[in-house]
Amino acid sequence: MSDDTTPASDIPPHRYTAALAADIEQRWQDTWEDEHTFWAPNPAGPLADPDAVAATGDKLFVLDMFPYPSGAGLHVGHPLGYIGTDVYARYQRMQGRNVLYTMGFDAFGLPAEQYAVQTGQHPAITTDANIANMRRQLRRLGLSHDPRRSISTTDPEYYRWTQWIFTQIFNAWYDPEQRRARPISELESAFANGSRPTPDGRTWGDMSGAEQRRLLDDYRLAYVSEAPVNWCPGLGTVVANEEVTADGRSDRGNFPVFTRNMRQWMMRITAYADRLLEDLDLLDWSEAITTMQRNWIGRSEGARVDFASPAGPITVFTTRPDTLFGATFMVLAPEHPLVEALTTPDQADAVAEYRRAAAAASDLDRQDTSRDKTGVFTGSTATNPVNGAQVPVWIADYVLMGYGTGAIMAVPCGDQRDFEFARRFGLDIPAIQRPPDAWFADREVAPSLDTSTWPEAFVGDAPYVNSSNDSLSLNDMTSVRDGIATMNSWLSANGAGEATVNYKLRDWLFSRQRYWGEPFPIVYDSDSNPHTLPDEMLPVTLPETDSFSPRTFDPDDEFSEPESPLDRLSDWVEVTLDLGDGPRTYRRDTNVMPQWAGSCWYELRYLDPTNTDAFVDPAVEHYWMGPRTDIRPDHPGGVDLYVGGVEHAVLHLLYSRFWHKVLFDLGHVSSREPYARLFNQGYILANAFTDDRGIYVDATEVVEHDDGSFTHNGTRVTREWGKMGKSLRNAVSPDEMYDAYGADTLRLYEMAMGPLDASRPWETRDVVGMFRFLQRLWRTMVDEDTGELTVDDSTPDDETARLLHRTIDVVGTEMAALRFNTAIAKLVELVNHVTKSRQASGRTPRTVAETMVLMAAPLVPHLAEELWRRLGHVTSVAYCDFPTADPALLVDDEVEMPVQVNGKVRARVMVPADADDETIRAIVFADDGVQRAIDGADPADLRKVIVVPGRMVNLVL
RNA sequence: GCGGGCGUGGCGGAACUGGCAGACGCGCAGGAUUUAGGUUCCUGUUCUACGGAGUGUGGGUUCGAGUCCCACCGCCCGCACCA
């Protein structure tokens, strides 16, 4: 690392050094704060300044993903996206736009609590300290945030509204006819006035109050249910499906997760599955993220079919009801509730043993698709509804309880998994489709309906065979689509099933048995009915306590019971309230919300952070986030640019979209989607080094040798590669960079090292390149010895003027497209040119100097402000117009054209920019170099002459 | 297995709709300043048996391919017995 702390007498006193940078940067940061430079005016509400709004152009809402304030502080990888959004926000302000740009903290949740437990400090204290440290580090970076809008999810003034939104969701139901959420009171009225029948047909008035309550509760978008949930003893809490990794462990802490039935809060996100899926088409998001959301929602069309059995109907979900005639057995998941009733005495031992083995096997083992199919016969049969056939019912672990109904009809000729299972256990495989000859040819088998010759199941369009009963025939139909449609209508006509849509997405488990989260705005009456608290009783503040640690268990103790820290606070739990029928005793809900709750709507609070009457003023929301139908007719509204990592592809982005849609349905926001455009930034990676024990050593202490080997304290270490962070001991803190070079250099380096969406390796030794560039830029207008300004009012020479305007043209385009790396490259070229061209006179034309400062301002705002001030301006550079290129200077009078001979460049000629084909040919053939390259051949003898005006000429011999 | 992305100097990376491959930066080499080191500045820097060759490999389309098409190899990401 460069070391500028050495007091060297030969460094000119006014050189742009780290010390000077620190002075400039901190001065301007103070000025911005004192002068409210980055306050963005609102059209209404507490931050209203309508005149200022009217004075600006288009609005623009630029958002970074909500950070968690880590106790470890920032490393240089964290601010990559923040710098990108800051440069963009600053560029757009210089285009005259009213830019909303701020930063808050997602401070509730497990990591904050775990950190508190480790340090023994109350999470409120550590969280505040962490936020303060992060604010300091971010401020030092010079981000142009509106400080008034910074919020933390842990502020009671913030989570008051998180709780309020919960009450909105609780007091709403989803109307499938209108495809939207509606207040639960409207459902109650509909039941009461008979316009909507109750499920069991009784009139509303005939139901007891408790029954009415329970019925309504069944419709709420937030509801309590006794259902299988993911219990994580190691964390002492339940977690959501989205927080469980593919190998059945917790996303946080990597503890085993067990499926258990428990009473928990759920959010009915499944009601929104179709809209969450459809509206992805309206979003300017990467294909990768929308695909992940589509996969997670996992919509598939098919049918539910009932098979009668001794234990009652077994319902299966199938995407291929057309193959029902080929269903020769059934398979249930080992955990299926009907297994016990279906198992005959002589199969009891085998079934019990299989279920025990399946339960013991890890999810990872069960997901290994390469192993052979296993399973056990229950001893019972079920009735295939299309032909009355008695089909054996098996259990096997290739059927998952968590998908569909946990039971399948097996069609061995048409499904590869069922095919393998049937082969393994010697079950019948009747053909119900006649595969095309080509299918057999590809598999080098003679066409036959005898499936014993088939190497695998057939999937696709082909004529049906053996597929008829008295009232239905699919035989001779040739398309699966027709087959499905015909079968579906037969199924519903005969009461055997119906067409349906299945989703992989399931309702969102919303409660956590932890301390550090938003308390539920819910109390229970003496009959254990939940009641939401009225608005005036919010927030329900998190009670003070020293025992904030959750009760955790042996991570493998599946049968432990969750115990929320709030359960212990009986003074808080028991409460006397008047909820409209006189003071009564209630019990508070002792769960807290998951970390995702606070980040589900924070972007809305940024809009109107101090509003005490509403979570956001509707006019303010409409201004910043309303649909931009001027851009496209079906624009969904939302944040104009949202920048963050891919790790939130399903969790945060799905939950947040869901809440936003509920708020939209209930009329609280005008935007259908929270984030119109999403940009995924890459990560900063760094070398990490392990010793021969495999332990990571401090990367800053590792020495590289000429032969490419690395040592740490003299012993050889191995180079690895990974995300920058504490665990790999390869983190570089921004503070180190501020000390060595200053914030502007750090900003510039991070933007210059590659495209924003690419992950790239951090190289501390490369940072100096951008530092030198800023020194050169400084030197083009400040004398290093005297500090005096070295600009004059001369006119730039033609070459400089043209380069200047070409640079303006490209830099503007690149910044607008978030391609800061190429914008920087162009600026470097310009500064290098100016550095050379001014050496003779020692002066830089003022117009050139000012234009360079304006172009650099979004990237290196402190240095730009300083130079702008020294150039004699008294207002901030932040709201100056970004330079525009003079079109006349973008076209040259003469251009150099390469002349290729057979595709290889052999010569170059200068031609007038507007020369036509004939002129160019004449110039080309008159050129000595060309003559030599074509060996004096007669132009008329050439096979071909291709002239692309302004580009190149190709001569084909 | 399915889906998506990516392979360019010693390194990070440029190259718009097919049209001068290697912009810009690091590193390296030489030079200037300096007692010296460091800093800063200047010049050069894809390889080369100096004919040429060259964007993971092999083929194709084209006057012309890093860019388009086909096959393969390698790496990364997501999903994964989803019925």
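Reminder, nothing fancy here: chain letters follow the sequence lines and each chain counts from 1.
- Salt bridge D372(A)/R424(A): absent, no basic N to carboxylate O contact under 4.0 Å.
- Checked by atom type, the side-chain pair E242(A)/W296(A) shows a donor-acceptor distance below 3.5 Å.
- In this model, a side-chain donor or acceptor of K373(A) finds a partner on the base of C81(B) within 3.5 Å.
- Side-chain contact, W762(A) with T764(A): a donor N or O sits under 3.5 Å from an acceptor N or O.
- Relative orientation of the F425(A) and F421(A) rings is tilted, given thresholds of 30° and 60° on the angle between their planes.
- Nucleotides G56(B) and U34(B), compared at atom P, are 48 Å apart to the nearest Å.
- Atom P of nucleotide A80(B) and atom OH of Y398(A) are separated by 19 Å, given to the nearest angstrom.
- Using a 4.5 Å cut-off on side-chain heavy atoms (C-beta onward), L653(A) and L678(A) make contact.
- To the nearest angstrom, P of G4(B) lies 16 Å from CD1 of I289(A).
- Residue K836(A) places no side-chain N or O under 4.0 Å from the OP1 or OP2 atom of C41(B).
- Side-chain atoms of Y749(A) and D744(A) include no donor-acceptor pair closer than 3.5 Å.
- Taking a 4.0 Å limit (strictly below) on heavy-atom distances, residues 754-763 of chain A reaches RNA chain B at P755(A), S759(A), R760(A), P761(A).
- If you measure from atom OH of Y741(A) to atom C1' of G38(B), you get 12 Å, rounded to the nearest angstrom.
- Within 90° of 0 lies the glycosidic angle of G9(B), which makes this nucleotide syn.
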So which protein N/O to nucleotides 25-31 of chain B N/O distances come out below 3.5 Å?
{"from": "G25(B)", "atom 1": "OP1", "to": "N832(A)", "atom 2": "ND2", "distance (Å)": "3.2"}
{"from": "C26(B)", "atom 1": "OP1", "to": "R772(A)", "atom 2": "NH1", "distance (Å)": "2.6"}
{"from": "C26(B)", "atom 1": "O2'", "to": "D766(A)", "atom 2": "OD1", "distance (Å)": "2.2"}

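- Map G406(A) and F773(A) each onto its nearest nucleotide of RNA chain B; the residue landing nearer the 5' end is F773(A).
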Protein-nucleic acid N or O pairs under 3.5 Å, nucleotides 75-78 of chain B:
none

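- Straight-line distance from the CG atom of L80(A) to the C1' atom of G12(B): 14 Å, rounded to whole Å.
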Are there any protein N/O atoms within less than 3.5 Å of an N/O atom in nucleotides 65-71 of chain B, and if so, which ones and at what distance?
none

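- A search for side chain to side chain donor-acceptor pair (under 3.5 Å) contacts involving D306(A) returns T315(A), not counting sequence neighbours.
- A salt bridge links E829(A) with K826(A): at least one charged nitrogen is closer than 4.0 Å to a carboxylate oxygen.
- Here N502(A) lies out of heavy-atom contact (under 4.0 Å) with every strand.
- Side-chain proximity of R417(A) to G13(B), C82(B), C42(B): nearest is C82(B).
- For CZ of R481(A), the number of neighbouring non-hydrogen atoms (other residues, nucleotides, ligands) closer than 6.0 Å is 12 at most.
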Does Y398(A) form a side-chain hydrogen bond (donor to acceptor under 3.5 Å, both in side chains) with T374(A)? I'd like the steps, not just the answer.
CA-CA 8 Å; Y398(A) 79 92; T374(A) 59; over 6 Å; no
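- No side-chain N or O of N687(A) forms a donor-acceptor pair with one of N730(A) less than 3.5 Å apart.
- Listed by chain and residue number, P12(A), R15(A), R779(A) satisfy the side chain to side chain contact (heavy atoms under 4.5 Å, CB included) test with E784(A) (two or more places apart in sequence, or in another chain).
- In this structure, a donor-acceptor pair under 3.5 Å is absent between the side chains of S300(A) and Y503(A).
- Under the side chain to side chain donor-acceptor pair (under 3.5 Å) criterion, R819(A) pairs with E814(A), sequence neighbours left out.
- Applying the side chain to side chain contact (heavy atoms under 4.5 Å, CB included) rule to R249(A) yields the partners T245(A), D247(A), N254(A), P256(A); only residues at least two apart in sequence or on another chain are considered.
- In this structure, CZ of R819(A) is placed 21 Å from P of G12(B), rounded to the nearest angstrom.
- Comparing G38(B) with U48(B), their P atoms sit 28 Å apart, to the nearest whole Å.
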Distances under 3.5 Å only, N/O to N/O: pair up the protein atoms with those of nucleotides 17-20 of chain B.
{"from": "C20(B)", "atom 1": "O2", "to": "R908(A)", "atom 2": "NH1", "distance (Å)": "2.1"}
{"from": "C20(B)", "atom 1": "O2", "to": "R908(A)", "atom 2": "NH2", "distance (Å)": "3.3"}

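- The heavy-atom pair separating T291(A) from E287(A) by the smallest distance is OG1-O, 2.6 Å.
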Parsed dot-bracket for RNA chain B after applying the Watson-Crick and G-U rules with both distances under 3.5 Å and | for other-strand partners is (((((((..(((......[....)))((((((.......))))))((....))..(((((..]....))))))))))))....
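- The interatomic distance linking D785(A) (CG) with C41(B) (P) rounds to 14 Å, in whole Å.
- Taking the P atom of each, U55(B) and A21(B) are spaced 12 Å apart, rounded to whole Å.
- Note on R443(A) versus E456(A): salt bridge recorded, some NZ/NE/NH1/NH2 to OD/OE distance being below 4.0 Å.
- One can place CG of L803(A) at 11 Å from P of C24(B), the figure rounded to the nearest angstrom.
- Residue contacts shown for R299(A) are absent, as no nucleic acid heavy atom lies under 4.0 Å away.
- Residues that satisfy the side chain to side chain contact (heavy atoms under 4.5 Å, CB included) test with D927(A), not counting sequence neighbours, are A907(A), V909(A), V930(A).
- In this structure, NZ of K826(A) is placed 12 Å from P of C16(B), rounded to the nearest angstrom.
- Among residue pairs with one or both ends in residues 748-771 of chain A, none qualify as salt bridge (Lys or Arg N to Asp or Glu O under 4.0 Å); sequence neighbours excluded.
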